[in-house]
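Here the structure is laid out as C-alpha cells; the discussion comes afterwards.
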Amino acid sequence: MAQAITLARPYARAAFELAQAEGALGAWSQALAFAAEVARDARVAALNNDPRVTPEQLVALHLPEGMKADSAFGNFLAQLAEKHRMALLPEIGALYETYKRESESQLLVKVTSAMALDSAQAEQLKASLKRRFKREIELQTQVDPSLLGGVVIDAGSEVIDGSARGRLERLANALTH
C-alpha cells in the first residue's frame, strides 16, 4: 500500500498542477473520481496487464462520458496507460483531493461517533474544528457503537479520541504501568 501511494504521488501532483493551470479543479476531481471507480472494478483491473488491450482502449474505458481522449485529462490517462500505472488511479484520486482541499484551505475530518450526530451537533463540531484548525471543514461521519460514547476525530495529522472506549483504555494503561 505504501508503495502505491509513493508511486501515485508524482502523478497526483501533476494532475493537480494541470487542473489548477486550467482552472478546472472541480472537473478534474469528478473525472478522477470516475476513473478511480472504474480502476477499482476487478474486471477492468484484469485488463491492465493484458497485452491484447492497447493503452488507447484503457484510456477509453476510464474516460467519463463526453470527455475526449485528446483533452488534458485524456492525455493524462494516456500517460498513465503508457507507463502501466492505471491501477494507481484510486490513490492518485485520493491524493489529488488532498491537494485540492489544501489549495482551498479545506480540511477533511473523519468523525466516528457511538451514535449518529444530528445536524445541530455536526454544525457545532464543524464550527469548533474550524476555529481550531483555521480552515473550512468537511465532515465525514460514521457510527461505531463499540465506542460506547463520545467521538473520535481524525483530522489527518491529528487524532482526538474523546470516546468512552478510548478513555477506558487510557485508564487501564495508567493502572497497569
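Here, residue 1 is the first one in the sequence, and each next residue gets the next number. Basis for what follows: all heavy atoms, side chains included, without hydrogens, waters or symmetry-related copies.
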One should read off an interatomic distance between Leu139 CG and Glu123 CD, to the nearest 0.5 angstrom, of 8.0 Å
For Glu91 and Ala8, the nearest pair of non-hydrogen atoms, with its separation, is CB-CB, 3.6 Å
Practice task
Using the side chain to side chain contact (heavy atoms under 4.5 Å, CB included) rule, take Ile160 and Arg132 through it: C-alpha gap first, then chi angles, then the decisive distance, then the call.
Solution key: CA-CA 12 Å; Ile160 303 165; Arg132 180 181 180 127; 3.9 Å; yes
Tightest non-hydrogen contact, residues Ala31 and Met67, listed as CB-CE, 4.0 Å
(request) Find out if a path of hydrophobic residues (ILVMFWY) with successive side-chain heavy-atom gaps under 4.5 Å connects Leu117 to Val143. (result) no
Next on the checklist: Assess the residue pair Leu148 and Leu168 against the criterion (side chain to side chain contact (heavy atoms under 4.5 Å, CB included)); give the C-alpha distance rounded to whole Å, side-chain angles, the decisive distance to 0.1 Å, and a yes or no.
Outcome noted: CA-CA 10 Å; Leu148 304 175; Leu168 289 171; 3.9 Å; yes
In this structure, CG of Leu89 is separated from CG of Leu77 (nearest 0.5 Å) by 6.0 Å
Is any side-chain heavy atom of Ile153 less than 4.5 Å from a side-chain heavy atom of Val109?
yes
Rounding to 0.5 Å, atoms CD1 (Ile92) and CD1 (Ile5) come to a distance of 10.0 Å
Residue pairs meeting salt bridge (charged side-chain N to carboxylate O under 4.0 Å, His left out), one or both in residues 133-149, sequence neighbours left out, come to Arg101-Glu138, Lys130-Glu136
Applied to residues 23-44, the ring pair (Phe, Tyr, Trp, His ring centres under 6.0 Å) test, sequence neighbours excluded, yields Trp28-Phe73, Trp28-Phe76
Closest non-hydrogen atoms of Ala36 and Pro90, given as atom of the first, atom of the second and distance, are CB-CA, 3.7 Å
Residue pairs passing the salt bridge (charged side-chain N to carboxylate O under 4.0 Å, His left out) test with at least one member in residues 105-118, sequence neighbours excluded, are none
Minimal heavy-atom distance between Leu88 and Ala4, with the atoms involved, is CD2-O, 3.7 Å
Phe133 and Ala155 have their tightest heavy-atom pair at CZ-CB, 3.7 Å
Heavy-atom nearest pair, Ser103 first then Gln20, reads CB-NE2, 4.3 Å
Residues at least two apart in sequence or cross-chain that pass side-chain hydrogen bond (donor to acceptor under 3.5 Å, both in side chains) with Glu37, listed by chain then number, are Arg40
In the structure I gave you, are the side-chain heavy atoms of Gln121 and Val111 within less than 4.5 Å of one another anywhere? no
In short, salt bridge (charged side-chain N to carboxylate O under 4.0 Å, His left out) pairs touching residues 12-26 with sequence neighbours left out are none
Residues at least two apart in sequence or cross-chain that pass salt bridge (charged side-chain N to carboxylate O under 4.0 Å, His left out) with Glu104, listed by chain then number, are Lys100
> Does Gln57 reach the main-chain N or O of Thr54 with its side chain, forming a donor-acceptor pair under 3.5 Å?
Replying inline: yes
Original post:
Under 4.5 Å between side-chain heavy atoms, hopping through other hydrophobics if needed: is there a path connecting Tyr99 to Leu80?
Top reply: yes
Requested in this report: State whether the side chain of Ser29 and the backbone N or O of Leu25 hold a donor-acceptor pair below 3.5 Å, judged by distance alone.
Outcome: no
Separation between CG (Leu58) and CG (Leu63), nearest 0.5 Å, reads 11.0 Å
Taken to the nearest 0.5 Å, the spacing of Tyr11 OH from Gln79 CD works out to 8.0 Å
Note: with side-chain heavy atoms under 4.5 Å as the link, the other cluster members for Leu171 come out as Leu175
Gln30 meets the side chain to side chain contact (heavy atoms under 4.5 Å, CB included) criterion, sequence neighbours left out, with none
Residue set satisfying side chain to side chain contact (heavy atoms under 4.5 Å, CB included) with Ala87, at least two apart, ordered chain then number -> Asn48
For Glu65, the salt bridge (charged side-chain N to carboxylate O under 4.0 Å, His left out) test, sequence neighbours excluded, returns none
Applying side chain to side chain contact (heavy atoms under 4.5 Å, CB included) to Ser163 and not counting sequence neighbours gives Leu147, Val152, Asp161, Arg165
Rounded to the nearest 0.5 Å, the OG1 atom of Thr141 sits from the CG atom of Leu125 at a distance of 10.0 Å
**Message:** Looking at Asn49, I'd like to know if its CG atom is crowded, meaning that more than 12 non-hydrogen atoms belonging to other residues, nucleotides or ligands lie closer than 6.0 Å.
**Reply:** no
Sorted by chain and number, sequence neighbours left out, side chain to side chain contact (heavy atoms under 4.5 Å, CB included) with Arg43 holds for Asp41
